[in-house]
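In what follows, a single structure is set out as structure tokens and then discussed.
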Amino acid sequence: MSLTPAIDERRVRRLNQIEDQHGTVIYWMSRDQRVRHNWALLFACRKANQLGQPLEVVFTLAPGFLGAPMRHYDFMFRGLREVERDLRELGVPMTLLYGEPGETLPEYAASRNAGAVIADFSPLKLVRGWKQEVAPRLSCAFYEVDAHNIVPCWLASPKQEYAARTIRPKLNALREEFLTDFPEPELRYQPDKLPPPVEWDEVKTLLKVDRSIKAVQDLEPGEAAAELRLRDFVDGRLSRYADERNDPNSGAVSGLSPYLHFGQLSAQHAAFEAARSKASEANREAFVEELFIRRELSENYCYYNDQYDAFDGIPEWAKKTLLGHADDRRDAIYTPEQFERAQTHDPLWNAAQTQLLETGVIHGYMRMYWAKKILEWSATPAAAFDIALMLNDRYALDGRDPNGYVGVAWSIGGLHDRPWVERPIYGTIRYMNANGCKRKFDVPRYIAEMSGSSQATLF
DNA sequence: ATCGGCTCGCGCAA
DNA sequence: TGCGCGAAGCCGAT
């Protein structure tokens with residue numbers, strides 16, 4: 001068997017200049033909500049063992065998170081219950097802190113006389129803001145570990161990359177070193193006793209979030225479910241991935257993005273398993289391209305461009321061409337509510353929106369078509385950007401993810417893309433239409449299946 | 001079915 | 001400074 005790899009020190013950086021203290025080690029779990037294949041937890045375990053201290057895990061829950069509705073909290077909490085149970089088996093207590101993390105985390109760390117606090121990594125502004133508030137209020141060492149990316153985001157590139165082709169060689173140069181297996185978490189020092197379990201249902205009642213968007217029914221959350229789905233994909237559908245991933249009827253895609261978004265599945269683990277599967281090289285590499293190159297390009301964009309969630313973040317050539325066509329005549333202009341309720345003239349678009357509303361997931365190829373039509377049928381390109389992002393964040397289980405921001409910016413704003421032939425409204429932004437879908441897949445079948453799923457949930 | 005052109009700018013070669 | 005080529009396409013010609 002292969003040697004279990006150690007933690008690469010380049011994955012870790014300090015967020016303050018205080019040394020390790022004599023006290024319990026805290027892993028502030030935020031984005032990587034899993035027990036296995038988690039470099040932040042593994043680093044925290046090693047730190048606890050080195051300091052001769054027990055480890056505990058803290059999850060901070062802000063009253064609202066970037067407009068996330070109950071659908072997302074439901075998925076997340078069900079995964080966190082499993083995390084809590086699995087941590088308990090390792091002898092690690094899990095604590096939930098409700099409130100503003102910038103206040104609750106330092107207070108808790110002080111109350112526990114913490115020796116070190118370890119956070120996982122996110123490129124999002126809100127989370128980076130929390131860490132900036134936490135850092136000066138801690139009286140112990142504060143570390144950050146990129147447990148989400150295969151190559152740590154700050155190591156992959158020192159700047160915003162222009163396109164996949166510019167980041168690809170940089171990531172591939174580090175692929176051998178970072179696309180490894182994982183060791184199992186091990187702890188030498190256990191706490192005297194574990195606290196009572198978190199009252200997850202009680203906490204849910206405190207949240208100030210939109211409760212009108214129902215939880216998804218057909219997707220089982222959690223680390224174990226993610227692992228099953230990964231195995232199922234790698235041993236089966238991966239062999240069709242290269243040819244059929246753009247056919248929303250074929251079911252050749254992995255369906256892993258909700259698990260990846262909540263960190264219930266490690267992208268590195270998924271890529272490692274896919275890369276050593278029996279599927280052909282073309283299929284293996286097509287999937288690794290998505291999971292590694294394009295995912296980490298999205299992280300790069302959010303990390304280096306603080307306008308990642310706004311029209312203004314898109315490249316200059318794209319802004320120029322879109323604004324030059326802002327006054328072009330539109331065949332239709334819909335309100336955000338009309339889009340939201342899937343009430344456009346286009347049954348294919350409505351089917352994609354219905355899929356998003358009902359299942360919390362939209363097929364990757366349809367997400368491009370969906371976003372580009374929002375551009376075509378909105379009053380201005382900036383309005384289209386906001387509508388697409390709002391709908392994605394409200395309904396998609398992988399909303400508020402770098403992939404979502406970049407998906408919208410790619411579709412509407414030409415990000416990481418090149419210009420194409422000039423047309424009305426789009427300017428030189430890449431165009432897509434229903435004819436292209438017709439060439440690639442059975443459009444009536446997709447429409448029928450989506451309206452079927454809509455009917456089923458009405459009764 | 002397959003192919004070239006469309007259009008911009010990065011990054012590398014020179 | 002020049003040149004090749006690119007996140008998922010479209011369209012018309014063959």
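Letters A, B, ... are given to chains in the order of the sequence lines, protein chains preceding strands, and every chain is numbered from 1. Just so you know, these numbers use all the heavy atoms, side chains as well, and skip hydrogens, waters and symmetry mates. Predicted, not measured: the structure shown is a model, and the values here were computed from it.
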Donor-acceptor pair, [X] side chain versus [Y] backbone, under 3.5 Å?
X         : Y         : result
Arg71(A)  : Lys214(A) : yes
Ser277(A) : Glu273(A) : no
His37(A)  : Asp181(A) : no
Asn16(A)  : Phe142(A) : yes
Arg11(A)  : Asn149(A) : yes
Tyr395(A) : Gln355(A) : no
Tyr241(A) : Glu285(A) : no

| query | Taking 5' to 3' order, which nucleotide of DNA chain C is first and which is last to have an atom within less than 4.0 Å of a heavy atom in chain A? | reply | dG6(C) to dC11(C)
Distance-only donor-acceptor pairs under 3.5 Å for side chains of residues 421-429 of chain A, two or more places apart:
unit_1, atom_1, unit_2, atom_2, d
Glu422(A), OE2, His325(A), NE2, 2.8
Tyr426(A), OH, Lys372(A), O, 3.0
Tyr426(A), OH, Glu376(A), OE1, 2.6

| query | Where along residues 382-405 of chain A does a heavy atom fall under 4.0 Å from DNA chain C? | reply | none
| note | Note: contacts of residues 414-433 of chain A with DNA chain C (heavy atom, under 4.0 Å) are His416(A), Asp417(A), Arg418(A), Trp420(A), Arg423(A), Arg430(A), Tyr431(A), Met432(A), Asn433(A)
Would you indicate whether the side-chain heavy atoms of [Y] and [X] approach each other to under 4.5 Å?
X         : Y         : result
Leu179(A) : Phe292(A) : no
Leu297(A) : Trp410(A) : no
Trp39(A)  : Asp146(A) : no
Glu184(A) : Leu42(A)  : no

Distance check, [atom1] atoms only: [N] and [M], in whole angstrom units.
N      : M       : atom1 : answer
dG9(C) : dG9(B)  : P     : 22 Å
dA8(C) : dG11(B) : C1'   : 23 Å
dT1(C) : dT7(B)  : P     : 25 Å
dA7(C) : dT2(B)  : C1'   : 22 Å

| request: Sugar-phosphate atoms are those with a prime plus P, OP1 and OP2; base atoms are the rest. Using that split, label each nucleotide of nucleotides 9-14 of chain B B, S or - for protein heavy atoms under 4.0 Å, 5' to 3'. | output: BBS---
| said: Less than 4.0 angstrom from a charged side-chain N to a carboxylate O is my criterion; do Asp86(A) and Arg34(A) meet it? | reply: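 Looking at Arg34(A) together with Asp86(A), the answer is no, because their closest N to O distance does not fall below 4.0 Å.
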| Check ion pair Glu220(A)-Arg229(A) (N to O, under 4.0 angstrom) | no
Have a look at [X] and say if it touches a base, only the backbone sugar-phosphate, or nothing, with a 4.0 Å heavy-atom cut-off.
X         : result
Lys440(A) : sugar-phosphate
Arg295(A) : nothing
Arg439(A) : sugar-phosphate

| query | Going by the angle between their ring planes, with limits at 30° and 60°, are Tyr303(A) and Phe121(A) parallel, tilted or perpendicular? | reply | perpendicular
| Base-pair map of DNA chain C as dot-bracket, where | denotes pairing with a different strand and pairs are Watson-Crick or G-U under 3.5 Å | ||||||..||||||
| request: Decide if the gap between the ring center of Tyr405(A) and the ring center of Phe385(A) is smaller than 6.0 angstrom. | output: no
